Number of protein chains: 2
Amino acid sequence: MSVMDKKLTIKDIARLAGVSKGTVDRVLHKRGKVSQKAFDSVNAVLNEMDYEPNLIARNLKNNKIYSISVVIPDPSFDSYWLPCVRGIEEAIREFKAFNLSIKTHYFNPESTKSFINVNETVLALAPDAVLLAPLFYKEALNVAEKYHEEGIIVNTFNNQVQSEAIKNFVGQDLYQSGRVAARLLDLLSNNEQLAIIHLNESYKNAVHMQEKERGFRTYFSENNGQDSKIITLKLKNPSIETNLVQFLEENPNVTGVFITTSKAYQIAKIIGETEHRKIAIIGYDLIEENVAYLKQGTIDFLIHQNPKRQAYLGITCLVDHFIFSKEIPKTTLLPIDIVNSENASFYME
Amino acid sequence: MSVMDKKLTIKDIARLAGVSKGTVDRVLHKRGKVSQKAFDSVNAVLNEMDYEPNLIARNLKNNKIYSISVVIPDPSFDSYWLPCVRGIEEAIREFKAFNLSIKTHYFNPESTKSFINVNETVLALAPDAVLLAPLFYKEALNVAEKYHEEGIIVNTFNNQVQSEAIKNFVGQDLYQSGRVAARLLDLLSNNEQLAIIHLNESYKNAVHMQEKERGFRTYFSENNGQDSKIITLKLKNPSIETNLVQFLEENPNVTGVFITTSKAYQIAKIIGETEHRKIAIIGYDLIEENVAYLKQGTIDFLIHQNPKRQAYLGITCLVDHFIFSKEIPKTTLLPIDIVNSENASFYME
DNA sequence: ATTAAAAATGTGTTCGAACACATTTTTTAC
DNA sequence: GTAAAAAATGTGTTCGAACACATTTTTAAT
């Protein structure tokens with residue numbers, strides 16, 4: 001079996017099988033209307049020569065414009081989402097040669113109503129696919145179902161929502177990300193008392209935080225045979241500072257904290273100003289304020305959730321499906337990047 | 001300026017400018033034989049509408065087969081290179097729709113002669129481009145020059161070689177990677193004595209190791225105002241074990257070691273068997289033996305150099321150039337991934 | 001003013017897959 | 001055995017860019 005220098009075309013297959021290209025086409029696409037004899041001879045050639053269609057030519061002819069609607073929170077409410085916008089722009093740039101129409105729609109991340117409304121709008125646009133950041137679990141289930149009924153493909157990223165109506169999820173294994181944080185704190189803080197801090201977040205992040213906590217605790221129960229030394233703390237504005245200071249006073253053995261949301265900088269600020277002992281801090285996301293405390297040394301590690309790449313892969317997955325007829329994988333898990341002051345810049349482009 | 005739903009074609013431009021598509025083509029490709037009047041009216045439309053050629057159609061017509069030769073060490077000598085092979089295979093798969101012929105050529109990483117011979121072979125093949133792992137600095141400079149004289153594009157990865165004949169380098173900032181290791185050890189080992197270990201490597205890695213050491217030392221001199229507590233150790237087979245054990249006995253304050261090559265597992269084995277104090281270990285590369293010690297807890301961190309992605313990006317850079325006529329960037333720096341026992345699996349595909 | 005040469009412009013074909021449509025062959029019915 | 005229906009097969013066009021080639025227009029020369 002020699003490697004062919006020139007790629008086979010439908011015309012070549014037709015010639016080799018002694019039929020016309022139309023017949024080969026019908027065999028390839030299972031359109032029927034082919035005699036058993038022709039079917040066999042074409043298949044014989046196909047098996048022999050393993051033909052691969054030229055995706056470029058296929059796509060050139062196909063003049064359908066695939067429309068993709070992206071539904072994410074408005075970055076002006078939460079700058080966490082800014083990299084997503086850039087990831088989507090990058091995907092648009094990369095695939096501008098193809099017949100794609102990608103439009104982004106923002107919702108207010110603090111309002112389920114806004115989420116529902118924006119999705120109603122998108123539903124009315126009847127796109128071929130939706131890429132969704134399903135911040136609100138219940139509502140997301142609902143809209144996913146509606147899209148699905150209309151034959152619109154629903155892919156998600158950032159938040160995992162279990163539903164048959166959702167084709168793909170791009171994101172991280174949050175349980176494992178809790179374990180990563182645990183391993184880091186385990187090395188840093190000499191097995192003293194540790195705190196998990198769920199900071200200033202509404203129910204919309206409940207699952208997120210729970211999974212991270214579960215991973216964190218499981219790591220320690222596996223490795224130290226006891227998780228009693230871990231304390232969970234829920235802090236909310238405006239009493240964050242007083243409660244945290246009081247907690248640290250009452251628990252002098254706490255040597256490390258794990259903040260499950262992207263607001264670690266708020267804790268870093270308080271600890272940096274009030275505490276004298278060294279307290280290790282681990283948080284999430286490379287937002288500006290966090291990185292400042294990371295470089296300064298107050299925050300020890302940040303876990304990078306790579307929102308830009310999540311959004312980018314969410315789009316490429318759909319493009320691969322529409323343009324290159326690849327099948328959509330159920331989940332796409334991104335690596336859990338550990339970031340310290342010295343490698344942070346590489347993850348912020 | 002409204003966003004066009006349908007992309008403009010040459011025909012559209014021709015219609016709008018009141019000329020034929022042939023004339024538009026001549027203007028776009030600066031082929032001359034165009035009157036000033038026609039030139040102006042076409043350009044007026046082009047400026048107005050910002051036309052982008054359909055890369056798919058362009059490529060369909062272009063039936064030149066671009067040949068790329070990849071020159072890397074034989075993975076059977078050093079399994080570090082196995083992921084590179086997979087990265088190249090992935091690139092081949094992804095771009096099989098295009099007119100590409102990518103062939104890999106192996107050399108013996110312990111023999112400069114083999115390196116030179118393989119490159120002579122490739123030179124005789126006269127490919128359009130070469131992707132090179134330039135393990136041997138001087139020899140690489142030489143062959144790059146020869147390729148360049150023949151009009152063959154030379155891209156490199158893994159090792160940085162300064163030369164005008166080399167168009168692109170994909171890899172990591174080794175100085176910064178030394179700093180990453182330093183930051184990690186700084187957090188782990190309570191500012192005791194540290195050791196840098198250059199392990200069992202010939203001159204071919206000299207620059208590599210020096211840069212990492214420089215980054216490592218610079219971090220500490222910046223952050224602690226003294227780098228006297230860092231000791232550099234060069235170990236070679238067969239005396240690794242005796243020398244290391246002796247060193248650790250003579251330096252009881254050493255609490256962390258930084259191994260600048262991929263052979264950290266050799267150190268981990270010795271320390272794991274002979275030492276009773278906790279010594280933090282940081283090394284490079286997710287090879288099987290290293291990961292085993294990472295999971296077991298003897299090695300604390302590994303720095304991932306992502307050889308698979310390096311090779312993959314080396315190819316995509318060339319494909320982008322040949323097929324999509326993008327310009328080649330001088331360097332492509334990959335993030336310096338910090339790996340512990342909990343996130344290792346995500347980097348090993 | 002006529003013709004040849006030069007310049008400008010337009011037309012037609014190609015790449016490979018997809019599909020509409022035309023043509024041929026086979027089957028069925030009476 | 002013949003006509004109509006059904007099945008099978010082949011042909012031609014399209015997508016957009018590139019380029020060879022044909023045609024028209026302009027310029028130069030006598």
Side-chain angles (χ1 to χ4, degrees), chain A residues 4-43 45-46 49-66 95-100 322-325, chain B residues 4-43 45-46 49-66 95-100 322-325:
Chain A
M4 287 289 132
D5 272 321
K6 243 193 154 3
K7 266 188 287 283
L8 288 178
T9 71
I10 280 198
K11 232 163 108 186
D12 295 323
I13 303 291
R15 188 169 35 77
L16 290 166
V19 297
S20 75
K21 65 197 172 90
T23 301
V24 176
D25 182 67
R26 277 182 286 269
V27 172
L28 284 171
H29 293 85
K30 302 178 174 57
R31 283 197 240 277
K33 302 188 174 180
V34 178
S35 68
Q36 192 61 43
K37 191 179 147 221
F39 184 84
D40 290 342
S41 63
V42 169
N43 267 327
V45 176
L46 286 176
M49 315 296 282
D50 75 352
Y51 159 83
E52 294 268 0
N54 184 327
L55 297 175
I56 293 167
R58 164 182 296 175
N59 199 268
L60 179 63
K61 173 60 176 141
N62 182 9
N63 53 0
K64 163 158 177 52
I65 295 176
Y66 292 98
F95 299 115
K96 67 162 174 266
F98 302 94
N99 292 320
L100 291 173
F322 286 132
I323 307 292
F324 300 112
S325 44
Chain B
M4 286 290 132
D5 269 323
K6 239 191 152 11
K7 266 188 286 286
L8 289 177
T9 71
I10 281 198
K11 231 163 109 185
D12 296 322
I13 304 292
R15 188 170 36 76
L16 290 166
V19 297
S20 75
K21 65 197 173 89
T23 302
V24 175
D25 182 68
R26 277 181 287 268
V27 172
L28 284 171
H29 293 85
K30 302 180 175 59
R31 282 197 240 276
K33 302 190 174 179
V34 177
S35 69
Q36 191 62 42
K37 190 177 147 224
F39 184 84
D40 290 342
S41 63
V42 170
N43 267 327
V45 176
L46 287 176
M49 314 298 281
D50 75 352
Y51 159 83
E52 295 267 1
N54 183 326
L55 298 173
I56 293 167
R58 166 181 294 175
N59 199 268
L60 179 64
K61 175 63 176 134
N62 181 10
N63 52 1
K64 165 163 175 50
I65 296 175
Y66 292 98
F95 298 116
K96 66 161 173 265
F98 302 95
N99 292 319
L100 292 172
F322 286 131
I323 308 292
F324 300 112
S325 44

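None of these values were measured; they are calculated from a predicted model. Letters A, B, ... mirror the listed sequences (proteins, then strands); counts begin at 1.
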Quick one: label A/Y51 by what it contacts on the DNA or RNA (base, sugar-phosphate, nothing), any heavy atom closer than 4.0 Å. sugar-phosphate
Output yes when at least one side-chain N/O atom of B/S35 is less than 4.0 Å from OP1 or OP2 of C/dT9, else no. yes
Could you check whether any side-chain heavy atom of A/N54 comes within less than 4.5 Å of a side-chain heavy atom of B/L60, counting everything from C-beta outward? yes
For the pair B/L55 and B/I323, evaluate side chain to side chain contact (heavy atoms under 4.5 Å, CB included) and give the outcome as yes or no after the intermediate values. CA-CA 8 Å; B/L55 298 173; B/I323 308 292; over 6 Å; no
Here the distance between atom P of D/dT24 and atom NZ of B/K37, to the nearest Å, is 18 Å
Checking A/D12 side chain against A/T9 main chain: does a donor-acceptor pair fall under 3.5 Å? yes
Length of the CZ-C1' vector between B/R15 and C/dT11, whole Å: 18 Å
For B/I13 and D/dA17, what is the distance between atoms CD1 and P respectively, to the nearest whole Å? 9 Å
When rounded to the nearest 0.5 Å, the distance separating CG of A/L16 from CG of A/L46 is 10.0 Å
What is the distance, rounded to the nearest whole Å, between atom NZ of A/K11 and atom C1' of C/dA18? 15 Å
Under 3.5 Å, is there an N or O donor on one side and an acceptor on the other linking the side chain of B/K21 and the base of C/dG12? yes
Kindly say if A/R58 contacts the phosphate of C/dG16, meaning a side-chain N or O under 4.0 Å from OP1 or OP2. no
Between D/dA17, C/dG16, C/dG10, which nucleotide gets closest to the side-chain atoms of A/N54? C/dG16
Just call it for B/I10: base, sugar-phosphate, or nothing, with non-hydrogen atoms closer than 4.0 Å on any strand. sugar-phosphate
From the set D/dT9, C/dA18, C/dG16, return the single nucleotide nearest to any side-chain atom of A/T23. D/dT9
Tell me which of B/A57 and A/G22 sits closer to the 5' end of DNA chain D, going by the nucleotide each one is nearest to. A/G22
Tell me which of B/K61 and B/F39 sits closer to the 5' end of DNA chain C, going by the nucleotide each one is nearest to. B/F39
Spacing of A/N59 atom CG and A/K61 atom NZ [to the nearest 0.5 Å]: 12.0 Å
Looking only at heavy atoms, what is the nearest atom pair of A/L100 and A/I65, with distance? C-CG2, 4.2 Å
Terminal axis angle for the helix from C/dA1-D/dT30 to C/dC30-D/dG1, five pairs an end, nearest 10 degrees: 60°
CD1 of B/I56 versus P of C/dA18: gap in Å, rounded? 13 Å
Would you say A/T9 reaches C/dG16's phosphate, i.e. side-chain N/O to OP1/OP2 under 4.0 Å? no
About how many Å separate OG1 of A/T23 and NZ of A/K33, when rounded to the nearest 0.5 Å? 12.5 Å
Parallel, tilted or perpendicular for B/F322 and B/Y66, by the 30°/60° rule? parallel
Atom pair distance, as rounded to whole Å: CG in A/N59 and C1' in C/dC15: 15 Å
Sub-4.5 Å side-chain heavy-atom contact between A/I10 and A/L28: yes
Looking at every non-hydrogen atom in both residues, tell me the closest pair between A/A14 and A/K21 and how far apart they are. CB-N, 3.6 Å
Numerically ordered, the residues 24-34 of chain B set in heavy-atom contact under 4.0 Å with DNA chain C is B/R26, B/K33, B/V34
Could you check how far CG of A/D12 sits from P of C/dC15, rounded to whole Å? 11 Å
